[in-house]
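Everything on this sheet refers to the single structure shown next.
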Amino acid sequence: MDAYDKGSNARPVPGEPAAAVPVPDGSPPEGHDTSDSPEQKPSGEVPARIPQPYGDQQPYDGQQPYDGQQYRDTALAGPPLPPPAGISALSLPYQIAAALALAVVAVAACVHVGMVFLHVAPSNTVTKQHGQAIDEWIYPEFEQNWKLFAPNPLQQNIAVQVRADVRAADGEIRTTRWYDLSALDGAAIDGNLLPSHTQQNELRRAWDFFVATHDNANRPNGLRGSLSEKYLRRIVVLRLDREQAGGRGAVVQQVQVRSRTTNVPPPKWSQEQVSDKPIVRVLPWWPVSEADRAAGTRPAESTGTEASAR
């Protein structure tokens, strides 16, 4: 094939201007079968075409009318779009249900934050009018204890101890030793990565409740005082049953609770002087009722590992 060959593959002759290539007008040449042409598909869809290399595209010479046909069938073929994720991937009914659930959670969170704020805030008009509703929302699960941030934080160790009069299987009444329930809770928490809320707070909160509702003579000051006494008594009866106080077949008749309070020594750099003498508070004997015994005391006919009377 020489320089005088004709056609699209003919080589240009040096020194002669290049022949202008006519801009296609979009109509097929004569005799061309368009039955297999992608533009004539029955569906009417034109598949995306990968554009030809830049060198094969002829620039517009400004002489022939330009209708953009050469670009209409050369849409860029990019990567496929990623599938929808999250809520948008759900169907419309599930999207509505998820949106409603999120709205309910958001409203509940706002209400809870508002209730906690009103609970810890100083007395105001809202708390005076709706104080009972706020307390019902907060107590007992969301109670806020701000002793850690008080000007004088708690600087005492309080140990709650209990002993009991039990009736043994042979009918003899004997008194057990003092059980240090706080020490037992401390031993269960020590080294435990996930201590239970009961081990950490049940006994401590019960004793704080009792002290706050009783005077120095251990007399209750109102209905909450009687409630705190009943609550503490049932806890210690349950703990005595767990420790199997009195041995097999023993039944708790009455219990006595005491507290032993010692001051936490100040740091070496502090000049504060505190007493290292423990303060003991002994409560009177409380008879155990059937309701208290049902909270955990073993009935007389039950069996179990015998524990010595202590």
Side-chain angles (χ1 to χ4, degrees), residues 135 139-141 143 145 154 156-169 171-189 195-262 278-302 304-310:
D135 291 342
Y139 292 106
E141 289 84 2
E143 181 182 2
N145 188 343
L154 193 63
Q156 295 175 331
N157 290 323
I158 302 176
V160 180
Q161 303 170 346
V162 63
R163 65 178 178 176
D165 283 346
V166 298
R167 187 181 70 245
E172 180 184 359
I173 302 296
R174 54 177 177 262
T175 303
T176 66
R177 70 170 180 88
W178 288 100
Y179 288 86
D180 194 338
L181 304 183
S182 298
L184 294 174
D185 284 344
I189 295 172
S196 68
H197 180 75
T198 301
Q199 294 170 337
Q200 297 179 82
N201 298 316
E202 182 185 53
L203 181 63
R204 179 181 61 84
R205 297 292 299 158
W207 180 254
D208 289 344
F209 186 25
F210 177 85
V211 172
T213 55
H214 285 70
D215 57 18
N216 293 331
N218 300 320
R219 292 189 300 263
N221 48 18
L223 296 178
R224 287 175 60 86
S226 302
L227 179 63
S228 65
E229 180 178 321
K230 183 184 300 184
Y231 181 52
L232 180 61
R233 182 169 64 247
R234 291 189 177 184
I235 289 177
V236 298
V237 169
L238 178 63
R239 298 291 297 273
L240 288 172
D241 178 71
R242 186 184 305 170
E243 296 298 320
Q244 297 186 358
R248 182 173 58 183
V251 178
V252 177
Q253 300 296 306
Q254 58 181 357
V255 295
Q256 186 179 30
V257 181
R258 74 178 182 184
S259 67
R260 187 174 185 272
T261 304
T262 56
I279 300 175
V280 178
R281 179 175 181 174
V282 182
L283 306 185
W285 284 93
W286 290 337
V288 176
S289 63
E290 291 298 330
D292 300 328
R293 196 171 287 114
T297 305
R298 300 183 310 278
E301 61 273 11
S302 65
T305 304
E306 181 175 358
S308 58
R310 290 166 285 185

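Along the sequence shown, residues are numbered consecutively beginning with 1.
Taking 4.5 Å as the limit, some side-chain heavy atom of Gln253 sits within range of a side-chain heavy atom of Ile173. Contact annotation: the side chain of Asn221 approaches that of Thr213 to within less than 4.5 Å [non-hydrogen atoms, C-beta and beyond]. Between Leu181 and Val162, some side-chain heavy-atom pair lies under the 4.5 Å cut-off. At a threshold of 4.5 Å between non-hydrogen side-chain atoms, the residues Val288 and Val255 count as touching.
Shown here are the salt bridge (charged side-chain N to carboxylate O under 4.0 Å, His left out) partners of Asp165, two or more places apart in sequence or in another chain: there are none. Partners of Glu202 according to the salt bridge (charged side-chain N to carboxylate O under 4.0 Å, His left out) rule, which considers only residues two or more places apart in sequence or in another chain, do not exist here.
Residue Arg224 qualifies as open at atom CZ: its count of foreign heavy atoms under 6.0 Å is 12 or below. The environment of CZ in Arg260 is sparse: at most 12 heavy-atom neighbours from other residues, nucleotides or ligands sit within 6.0 Å.
We find the CG-CG distance between Leu232 and Leu203 to be 7.0 Å, quoted to the nearest 0.5 Å. Ile189 CD1 to Leu184 CG: the interatomic distance, rounded to the nearest 0.5 Å, is 11.0 Å. Annotation: the span from Glu229 atom CD to Arg234 atom CZ amounts to 12.0 Å, rounded to 0.5 Å. One distance of note links OG1 of Thr261 with CD1 of Ile279; it measures 6.5 Å at 0.5 Å rounding. With rounding to the nearest 0.5 angstrom, the CD1 atom of Ile235 is 12.0 Å from the CH2 atom of Trp207.
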Practice prompt. Show the numbers, then the answer: is there a side-chain hydrogen bond (donor to acceptor under 3.5 Å, both in side chains) between Asn218 and His214?
Written response: CA-CA 5 Å; Asn218 300 320; His214 285 70; over 6 Å; no
Practice prompt. Could you walk me through whether Trp286 and Val257 pass side chain to side chain contact (heavy atoms under 4.5 Å, CB included), step by step?
Written response: CA-CA 9 Å; Trp286 290 337; Val257 181; 4.2 Å; yes
Fill in: Derivation and outcome, side chain to side chain contact (heavy atoms under 4.5 Å, CB included), residues Val211 and Arg281
CA-CA 10 Å; Val211 172; Arg281 179 175 181 174; 3.9 Å; yes
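Here the closest non-hydrogen pair linking Ile158 and Ser259 is CG2-CB, 4.3 Å. In terms of heavy-atom proximity, Pro287 sits nearest to Asp292 at O-OD2, 4.2 Å. Across all non-hydrogen atoms, the minimal contact from Trp178 to Arg163 is CZ2-NE, 3.3 Å. Residues Glu243 and Tyr179 come closest through the heavy atom pair CB-CE2, 3.9 Å. Residues Ala245 and Val166 approach most closely at O-CG1, 4.2 Å, considering heavy atoms. Across all their heavy atoms, Gln199 and Ala188 have their closest contact at NE2-CB, 3.7 Å.
Under the 3.5 Å distance criterion, the side-chain polar atoms of Asp215 are matched with a main-chain donor or acceptor of Arg219.
Tested against Asp185, the residues Gln200, Arg239, Arg204 include a single side chain to side chain contact (heavy atoms under 4.5 Å, CB included) partner, Arg239.
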